[in-house]
Amino acid sequence: MRKQIVAGNWKMNTNINEGVELAKMIIEKVSSANKDVELILIPPFTHISDVAKQTKGTTLKVGAQNCAEWAKGAYTGEVSASMISSIGATHVIIGHSERREFFKEDNHLLFRKINEVLNNGLIPIYCCGEKLEQRESNQYFEVVEQQIAESLFELNKVQMQQVVIAYEPVWAIGTGRNATAEQAQEMHEFIRKTIASKFGKEIADGISILYGGSCKPSNAAEIFAKPDVDGGLIGGASLVADDFIAIAQSF
Ligand code: 13P
């Protein structure tokens with residue numbers, strides 16, 4: 001059985017007080033959410049420690065939105081995977097399209113980051129997904145296949161089993177225009193087949209593949225009902241406790 005996961009990527013939103021308050025509200029409401037669903041809060045770096053203290057003793061997990069490709073040293077402004085692990089986080093988003101776009105992160109760099117994350121006992125949530133022009137020119141399978149192959153195919157099988165994948169079509173992020181459930185299923189199935197071609201069906205069948213891109217309470221149930229969709233990576237709606245919980249209840 002694959003894990004069902006709903007993760008909230010807060011991006012660069014909330015100050016510390018707002019972030020702790022949001023975490024508290026989610027924790028209060030979480031008892032009404034489905035216990036089989038793993039919920040992960042992914043605030044900015046500055047809030048991880050405080051949010052992790054709030055979630056201690058609950059079923060909620062905490063993650064980071066990025067990490068350095070290096071273990072330590074003279075890299076001013078960077079945050080290492082071991083630092084993230086030391087403050088109570090368990091997951092790290094790697095390769096979000098905003099990192100690819102604004103910080104020019106490519107598949108090979110992301111492979112090195114994934115290694116750092118795994119070497120520190122953390123779980124990478126590896127994001128992939130095509131841009132609008134790539135969807136419109138029917139290159140989307142090719143683009144996602146390359147993202148998967150270049151960032152994940154050098155991992156060994158044990159490492160691969162730790163990875164969570166998030167399919168986030170760039171044209172659906174923050175636009176209000178979500179992929180249809182059919183589009184999501186088609187790509188998730190393709191991603192699973194791509195993983196199977198390298199690591200075997202058993203490993204591919206065990207990997208959680210999340211959908212992200214304008215996922216909200218009104219469309220989550222339809223998308224999550226698809227056989228290869230194992231949950232969501234939620235942006236805007238994760239900043240509203242009721243919406244985040246409603247999405248978590250959408251399986
Ligand atoms: P939205 O849910 O705001 O579209 O963002 C999705 C996303 O980028 C999650 O990582």
Side-chain angles (χ1 to χ4, degrees), residues 4-14 18-19 22-23 26 37-45 47-48 51 60-67 84 89-103 105 110 113-114 117 122-132 134-135 140 143-144 147-148 151 163-181 183-184 187-188 191 208-224 226 229-250:
Q4 294 177 321
I5 299 170
V6 173
N9 175 9
W10 297 3
K11 306 193 180 183
M12 199 174 73
N13 292 296
T14 72
E18 292 163 346
L22 175 58
I26 291 170
V37 180
E38 182 166 277
L39 293 185
I40 311 167
L41 306 182
I42 312 183
F45 284 131
H47 310 6
I48 291 174
V51 171
L60 283 147
K61 301 255 163 64
V62 181
Q65 298 171 16
N66 178 36
C67 77
I84 291 167
T90 50
H91 292 70
V92 185
I93 296 177
I94 296 292
H96 192 281
S97 61
E98 289 148 17
R99 302 284 325 165
R100 293 177 188 264
E101 175 78 14
F102 302 132
F103 303 94
E105 296 192 355
L110 298 171
K113 290 193 175 194
I114 290 168
V117 168
L122 296 163
I123 297 170
I125 301 175
Y126 177 64
C127 299
C128 57
E130 78 285 357
K131 297 179 188 174
L132 182 61
Q134 294 164 334
R135 164 98 5 205
Y140 47 102
V143 168
V144 171
Q147 290 171 335
I148 298 286
S151 297
V163 175
V164 172
I165 294 176
Y167 169 57
E168 299 206 312
V170 179
W171 46 273
I173 295 177
T175 58
R177 175 187 169 192
N178 59 284
T180 64
Q183 286 171 323
M187 182 58 88
H188 285 223
I191 291 169
S208 298
I209 307 178
L210 316 182
Y211 169 77
S214 300
C215 190
K216 39 190 183 276
S218 59
N219 59 28
E222 192 187 353
I223 298 172
F224 293 177
K226 293 295 179 189
V229 180
D230 305 305
L233 180 55
I234 318 301
S238 74
L239 297 169
V240 180
D242 282 333
D243 287 356
F244 187 63
I245 295 294
I247 292 170
Q249 289 169 322
S250 297

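First listed ligand is number 1; within each ligand, the first listed atom is number 1. Quantities reported herein were computed from a predicted structural model and do not represent experimental measurements.
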Practice task
Heavy-atom contacts with G236 under 4.0 Å: which atoms of ligand 1 show up? List them by number with element.
Solution key: 1 (P), 2 (O), 3 (O)
Practice task
Check the angle between the aromatic planes of Y211 and H188 and answer parallel, tilted or perpendicular using the 30° and 60° thresholds.
Solution key: tilted
Exercise for the section: State if A7 counts as touching ligand 1 under the rule of any non-hydrogen atom under 4.0 Å. Expected result: no
Fill in the blank from the handout: Near N9 (heavy-atom distance under 4.0 Å), the atoms of ligand 1 are 9 (C), 10 (O)
Practice task
Look only at interatomic distance and state if G213 has a nitrogen or oxygen under 3.5 Å from any nitrogen or oxygen of ligand 1.
Solution key: no
Exercise for the section: May I ask you to check if ligand 1 and K11 share an N or O to N or O distance below 3.5 Å? Expected result: yes
Practice task
Look at the side chain of Y126 and the backbone N and O of L110, then say whether any donor-acceptor pair between them is shorter than 3.5 Å.
Solution key: no
Handout entry: D230 side chain to I209 backbone, donor-acceptor under 3.5 Å
Key = yes
Exercise for the section: Say whether K216 and ligand 1 are in contact under the criterion: heavy-atom distance to a ligand atom below 4.0 Å. Expected result: no
Practice task
Please identify which atoms of ligand 1 are closer than 4.0 Å to at least one heavy atom of E168.
Solution key: 6 (C), 7 (C), 8 (O), 9 (C), 10 (O)
Practice task
Measure the distances from the heavy atoms of A237 to every atom of ligand 1 and state whether one is below 4.0 angstrom.
Solution key: no
Exercise for the section: State whether a side-chain donor-acceptor pair under 3.5 Å links H96 with E168. Expected result: yes
Exercise for the section: Look only at the side chain of S238 and the backbone of G235, and say whether a donor-acceptor pair between them is shorter than 3.5 Å. Expected result: yes
Problem - Short N or O distance, G235 and ligand 1, threshold 3.5 Å exclusive - result: yes
Practice task
Please round to the nearest 0.5 Å and tell me the distance separating atom CD1 of I245 and atom OG of S250.
Solution key: 11.0 Å
Exercise for the section: Kindly compute the distance separating SG (C127) from CG (L233), expressed to the nearest 0.5 Å. Expected result: 5.5 Å
Handout entry: Contacting atoms of ligand 1, where contact means under 4.0 angstrom from a heavy atom of A172
Key = 4 (O)
Practice task
Go through ligand 1 atom by atom and flag the ones less than 4.0 Å from a non-hydrogen atom of H96.
Solution key: 7 (C), 8 (O), 9 (C), 10 (O)
Exercise for the section: May I have the step-by-step check of side-chain contact (heavy atoms from CB on, under 4.5 Å) for H91 and E38, ending in yes or no? Expected result: CA-CA 12 Å; H91 292 70; E38 182 166 277; 3.6 Å; yes
